[in-house]
Amino acid sequence: MNLLQSSVPIFALLVLVSGCAPTPESLETEPVQVQTSKGVVTCQLYTHSRVLWDRAIDRPNNMSVKEGDEVCRNEGRRRLGG
């Protein structure tokens with residue numbers, strides 16, 4: 001059996017498994033707004049198991065992207081209960 005023949009089943013399995021993997025869009029919740037001392041941050045939260053994906057989709061001009069994303073991850077953790 002050559003390398004190509006032995007790689008085909010592995011490639012087919014990878015394609016099959018990757019088709020079943022959830023996409024961020026499929027795990028999105030309705031956006032939520034979080035009040036901060038700098039203003040309102042609109043967060044795109046995901047399912048409880050995906051808190052690391054939580055991110056700001058709108059934030060005050062005086063807030064960095066990193067800071068807005070952290071507000072949203074904290075909100076995700078708060079909703080998770082930890």
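For clarity, every value in this text was computed on a predicted model and none was experimentally measured.
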Seminar exercise, completed: Tightest non-hydrogen contact, residues Pro60 and Val41, listed as CD-CG2, 4.0 Å
Exercise. Can you tell if the side chain of Asp54 reaches within under 4.5 Å of the side chain of Glu75, non-hydrogen atoms only?
Worked result: no
Exercise. For the residue pair Val65 and Arg59, what are the closest heavy atoms and their distance?
Worked result: CG2-NH2, 3.0 Å
Exercise. Going through the distances and angles, do Lys66 and Asp69 end up as a side-chain contact (heavy atoms from CB on, under 4.5 Å)?
Worked result: CA-CA 5 Å; Lys66 183 178 178 180; Asp69 288 346; 5.9 Å; no
Exercise. Given side chains that start at C-beta, do those of Glu28 and Trp53 come closer than 4.5 Å, heavy atoms only?
Worked result: no
Exercise. Once you round to the nearest 0.5 Å, how far does CD of Gln44 lie from CD of Glu30?
Worked result: 8.0 Å
Exercise. Is it the case that one hydrophobic cluster holds both Val34 and Met63, taking links as side-chain heavy atoms less than 4.5 Å apart, direct or via other members?
Worked result: yes
Exercise. Minimum heavy-atom separation for Leu45 to Cys72, with atom names?
Worked result: CD2-O, 3.6 Å
